[in-house]
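One structure below.
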Amino acid sequence: MGHADRLARMTPEQLAATVRGAVVDAIAAGELALDPAVVPTEVVVERPRNPEHGDYATNIALQLAKPAGVPPRAVAELLASRLRTVAGIASVDIAGPGFLNLVLDAAALGELARTIVEAGEDFGRVARYAGTAVNVEFISANPTGPLHLGHTRWAAVGDAIARVLEAAGATVAREFYVNDRGVQMDKFGQSIEARALGTEVPDGGYFGEYVEELAREVVRADPSILELPEPERWQSFREVGYLLQLAQQKAVLDAFNTHFDVWYSERTLHSSGAVDRGFERLREQGHMFEADGAVWLRTTDFDDDKDRVLVKADGELTYFASDTAYYVDKRLRGFDVCIYLLGADHHGYVNRLRAVAACAGDDPDINIEVLIGQLVKMVKGGEEVRLSKRAGNMITLEDLVDEVGVDAARYSLIRYPVDSPLTLDLDLLVQRSNDNPVFYVQYAHARISSVLRNASDLGIDWRATGFDASLLSHEREAALLGVLGELPRVMTAAAELREPHRVARYLEELATAYHKFYDVCRVLPPADAELEPLNVARLWLCAAARQTLANGLGVLGVGAPERM
RNA sequence: GCGCCCGUAGCUCAAUGGAUAGAGCAUCUGACUACGGAUCAGAAGGUUAGAGGUUCGAGUCCUCUCGGGCGCGCCA
């Protein structure tokens with residue numbers, strides 16, 4: 001019965017297409033005086049907050065009323081009569097100013113469980129960005145010290161953005177720009193040397209305890225370094241110390257489940273000729289000029305406050321010169337979109353980076369994207385913790401993970417949008433980590449895993465037993481199915497908006513829907529009872545829920561434990 | 001001074017112009033001799049900082065005011 005099978009399933013995507021079809025048909029039949037071109041290509045079909053408003057609701061009649069010159073309820077009326085004839089749709093109501101409230105047949109909704117189980121890890125993957133190559137650059141901390149809490153938010157969020165984009169079909173490179181060149185590096189080398197020799201750390205140098213540890217390590221690795229003449233000696237300290245520090249950053253990030261594809265060295269940028277290529281591109285585009293003995297980029301052509309110097313009067317390149325070359329290099333490496341994650345203290349860079357893209361002949365609205373994240377504030381004992389290296393209360397990424405674990409740390413940082421400042425209560429995070437919503441979500445996954453294990457122990461092979469979706473008629477089953485069906489749309493929105501926190505919030509909603517279902521719907525047959533078709537149908541639903549939780553958690557880089 | 005971000009329940013925060021603004025924590029009251037109680041059911045808690053505007057509809061968009069964070073180098 002191919003016909004029945006085709007009509008049996010009704011995912012939100014299919015429903016949206018069905019509603020749109022009703023509009024197009026109504027126009028073709030002359031019921032609506034509308035240009036088909038004004039019908040949105042994607043009709044919005046959303047799950048109403050109030051369950052009394054049906055499984056799905058659409059505002060399409062409200063949108064079309066004005067262009068059609070007809071009252072919204074009249075538009076709703078004629079769409080409703082068409083939709084009522086569609087197989088899989090149980091009822092259509094008109095509510096409020098002209099909303100269409102749709103209720104699906106239990107079977108049409110329940111088939112979603114099969115769809116999800118069959119899709120497996122692919123459920124939630126969408127094709128929104130298929131064929132797009134995206135470069136996501138984040139953290140890019142100086143390799144002159146450990147990663148601190150300020151970097152940690154980007155470590156979690158940047159990686160989650162990359163994962164979300166991958167789930168949406170993009171090819172993604174996670175990139176870390178290593179500032180291994182310039183004055184800061186020299187200060188770093190001289191600071192390590194000073195600690196090794198017991199002399200005074202230079203002005204503007206690095207004072208942290210880790211510098212002493214680096215000094216000991218460098219000397220231990222090769223004591224002859226102390227015999228070198230200057231400047232080879234401090235330069236050697238710089239080189240060896242830099243590699244040790246960089247390796248430490250990599251190790252910490254790997255442990256944090258954030259794996260970079262590219263560690264791009266600023267030195268390489270210069271030695272590879274990328275700077276020359278970058279300048280060449282900018283010159284071609286006609287935005288470079290000379291004034292006051294310096295070479296400038298006319299970024300004011302594109303919304304920047306002032307023009308920027310590329311080459312100083314003394315012939316030295318500015319940091320900005322590296323930025324421009326780096327951007328051009330990314331584009332030459334084939335990335336369509338270059339995303340930068342910067343802290344709020346760098347928001348002044350947004351316009352100038354966008355101007356760089358424009359000066360290079362690109363479209364700043366397409367090829368470059370600068371995301372500004374607000375800083376993380378920490379509260380401990382009810383008081384704000386001011387993080388400063390000098391005060392010695394710097395909290396590193398490593399510290400946070402040691403205290404709360406990778407999953408809780410990542411989740412806490414990802415579940416909030418980055419454009420609002422975040423206050424983390426260390427006491428809450430550390431001592432009462434069970435209150436972290438990540439455990440609520442993981443618990444749902446572990447709980448389902450347990451049910452499926454028990455089913456297996458009872459010798460139940462639900463996959464091989466017929467699945468009757470129409471049996472999933474309980475309101476909590478319908479609610480759970482409704483939430484399950486949202487993952488593809490949540491993933492699309494999270495990818496488009498670069499907002500992985502939406503996935504986290506969705507998972508919390510899903511976990512709630514599961515727990516509510518589980519509370520009142522017995523899944524396995526009680527002792528001494530026969531296996532009923534309803535038990536099997538609910539096992540399919542459980543499997544679908546578990547798969548969806550696992551897929552969502554995977555996109556956040558958070559584990560989906562089978563036991564906890 | 002100019003620019004960007006933010007202001008939602010006691011606290012931490014959601015809500016892509018949609019219906020009665022939602023969660024968690026904290027407070028109070030309930031639910032397992034059946035599948036994991038890290039759960040569930042319920043109560044209480046709001047002039048979405050304030051004032052105008054745009055429209056069928058504004059926490060969301062526009063203007064102004066107030067309050068908070070951050071930034072405005074031929075530094076890196």
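This one's a predicted model, so the numbers in the text were calculated from it and none came from an experiment. Throughout, protein chains are lettered first and strands after them, A, B, ... in sequence-line order, and every chain is numbered starting at 1.
One interatomic measurement links the two molecules: OH of Y506(A) to C1' of G24(B), which rounds to 19 Å at whole-angstrom precision. If you measure from atom CZ of R49(A) to atom C1' of A19(B), you get 9 Å, rounded to the nearest angstrom. Counting to the nearest Å, the P atom of G24(B) and the OH atom of Y416(A) are 13 Å from each other. At whole-Å resolution of the value, CZ in R489(A) and P in A15(B) are 17 Å apart. When the P atom of G71(B) is taken as reference, atom CG of L375(A) falls 8 Å away, rounded to whole Å. Per the geometry, CG belonging to L342(A) stands 17 Å off P belonging to C70(B), to the nearest Å.
For R522(A) against A34(B), a side-chain N or O and a base N or O form a donor-acceptor pair under 3.5 Å. Taking 3.5 Å as the limit, the base of G71(B) and the side chain of D345(A) contain no donor-acceptor pair of atoms between them.
With ring centers used as reference points, F138(A) lies 6.0 Å or more from F176(A). You'll find the ring centres of H515(A) and Y440(A) inside the 6.0 Å limit. Annotation: H346(A) is in aromatic contact with Y349(A) [ring centroid separation under 6.0 Å].
Residue P417(A) is classed as a sugar-phosphate contact, given heavy-atom separations below 4.0 Å to backbone atoms only. When heavy atoms are screened at a 4.0 angstrom cut-off, Y440(A) is found touching the sugar-phosphate backbone but no base atom. Within 4.0 Å (heavy atoms only), R563(A) reaches at least one base atom of the nucleic acid. A446(A) comes within contact range of at least one nucleobase, with a heavy-atom separation under 4.0 Å. In this structure, C542(A) reaches neither bases nor backbone, as no heavy-atom distance under 4.0 Å exists between it and the strands shown. Across all strands, A344(A) comes closer than 4.0 Å only to sugar-phosphate atoms, never to a base (heavy-atom distances). Across all strands shown, D292(A) has heavy atoms under 4.0 Å from base atoms, whether or not it also approaches the sugar-phosphate.
Across all strands shown, A41(B) forms a Watson-Crick or G-U wobble pair, both distances under 3.5 Å, with U29(B). Using N1 to N3 plus N6-O4 or O6-N4 for Watson-Crick, or N1-O2 and O6-N3 for G-U wobble, each under 3.5 Å, C75(B) pairs with nothing. Figure legend. G3(B) is base-paired to C70(B); pairs are counted as Watson-Crick or G-U wobble with both atom distances under 3.5 Å. A23(B) is paired with U12(B) under the criterion used here, namely a Watson-Crick or G-U wobble arrangement in which both key atom distances are under 3.5 Å. Searching all strands for a Watson-Crick or G-U wobble partner of U55(B) with both distances below 3.5 Å returns nothing.
Phosphate proximity of G57(B) to K66(A): absent, as no side-chain N or O sits under 4.0 Å from OP1 or OP2. Checking the phosphate oxygens (OP1, OP2) of G36(B), a side-chain nitrogen or oxygen of N454(A) falls inside 4.0 Å. Close to A76(B), at under 4.0 Å from its OP1 or OP2, lies a side-chain N or O of K312(A). Put simply, R502(A) has a side-chain N or O that comes within less than 4.0 Å of OP1 or OP2 on U16(B). Residue T423(A) has a polar side-chain atom (N or O) positioned under 4.0 Å from OP1 or OP2 of C13(B). For A15(B), one of the phosphate oxygens OP1 or OP2 lies less than 4.0 angstrom from a side-chain nitrogen or oxygen of H501(A).
A donor-acceptor contact closer than 3.5 angstrom is absent between the side chains of Y340(A) and S140(A). Side chains of S449(A) and R546(A): a donor-acceptor N/O pair is present below 3.5 angstrom, by distance only.
A donor-acceptor pair under 3.5 Å is absent between the side-chain atoms of D303(A) and the main chain of N351(A), judged by distance alone.
Taking the 5.5 Å centre cut-off and the 30° plane limit, the aromatic side chain of Y518(A) is classed as stacked on C35(B). Look at F99(A) and the base of A19(B); the rings stack, centres closer than 5.5 Å and planes less than 30° apart. Both geometric conditions, a ring-centre gap below 5.5 Å and a plane tilt below 30°, are not fulfilled together for H346(A) over the base of G71(B).
The side chain of K516(A) lies closest to C40(B) when the candidates are C5(B), C40(B), U16(B). In this structure, of A76(B), G37(B), A34(B), it is A34(B) that holds the atom nearest to the side chain of P526(A).
Taking atom C1' on both G37(B) and A31(B), the two are 10 Å apart, rounded to the nearest angstrom. For the C1' atom pair drawn from C64(B) and G22(B), the interatomic distance equals 30 Å after rounding to whole Å. Atom name P, nucleotides G52(B) and U60(B): the rounded distance is 14 Å, in whole Å. Between the C1' atoms of C32(B) and A38(B), the separation comes to 15 Å (whole Å). Here, G68(B) and G73(B) have their P atoms 24 Å apart, quoted to the whole Å. G3(B) and G10(B): their C1' atoms are spaced 35 Å apart (whole Å). Rounded to whole Å, the P atom of A21(B) lies 22 Å from the corresponding atom of C25(B).
Relative orientation of the W296(A) and F289(A) rings is parallel, given thresholds of 30° and 60° on the angle between their planes.
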